[in-house]
Number of protein chains: 2
Amino acid sequence: MKINDNNKTMIKNLVNEVKSSLNINETINIEIKPMKQKIASFSFKTKTLRLNKYVVENFEKDLLYYIILHELIHFKVKSTNHNLAFENELKKHFSEEICYEIELKIIQKLI
Amino acid sequence: MKINDNNKTMIKNLVNEVKSSLNINETINIEIKPMKQKIASFSFKTKTLRLNKYVVENFEKDLLYYIILHELIHFKVKSTNHNLAFENELKKHFSEEICYEIELKIIQKLI
């Protein structure tokens, strides 16, 4: 699967879904581009969610949802750390077991 | 931390440690280079372990050990899949709980 208008729309829809479940009303910019160091990142300065092009092209929708949720929780809790506020917000959306399953799937795509 | 002779030696030592714990006697080539798509990979054809330069530069030793172990288990069980043979071999080295902890740390460095 290569980046095309269909999966740009798919990502946009996923971002909207995540925003809605986190009660985020601000406009979030989305960039899909090759990234050497990260799967995804969030810039607080420009309110931009950056997604690794390879990941968008190759990861299933449930994994992408999880990754986008993770980034936007950083935005919501206004911290780049995986602190207690972050963990508590994540727990509202996925149980620890489901998080593990998804994280395992992500890892197995990378090693 | 940038790639230098010290951390090349550190990686070589980690690979030897993993080889020894897996009873692998064959020579394993090691390449450390920028990788767009993976943290690490293993080429069966050339018996080469490839490690993402960014990961070598930024990940702690326990995470690197886990990643190298993962790749060399693929070599040992002669499969690129995470099948039962793979899982059984991994279990000999780390409990499921420890695997989760390490995988979580890896993920948190990437998103």
Take a 6.0 Å sphere around [atom1] of [X] and say whether it holds more than 12 heavy atoms from other residues, nucleotides or ligands.
X        : atom1 : value
Glu87(A) : CD    : yes
Glu31(A) : CD    : yes
Glu26(A) : CD    : yes

Shared hydrophobic cluster, Ile111(B) / Met35(A) (ILVMFWY, side-chain heavy atoms < 4.5 Å): no
Leu104(A) versus Glu103(B), closest heavy-atom pair with distance: CD1-OE1, 3.0 Å
Non-hydrogen side-chain atoms of Lys38(A) and Leu110(B) separated by less than 4.5 Å: no
Tyr54(A) vs Lys36(B) side-chain heavy atoms within contact, under 4.5 Å: no
Give, for atom [atom1] of [X] and atom [atom2] of [Y], the distance between the pair rounded to the nearest 0.5 Å.
X         : Y         : atom1 : atom2 : answer
Ile107(A) : Ile67(B)  : CD1   : CD1   : 7.5 Å
Gln108(B) : His70(A)  : CD    : NE2   : 6.5 Å
Tyr100(B) : Glu101(A) : OH    : CD    : 10.5 Å
Asn52(B)  : Gln37(A)  : CG    : CD    : 8.5 Å

Part of Glu71(A) lying under 4.5 Å from any heavy atom of chain B: side chain
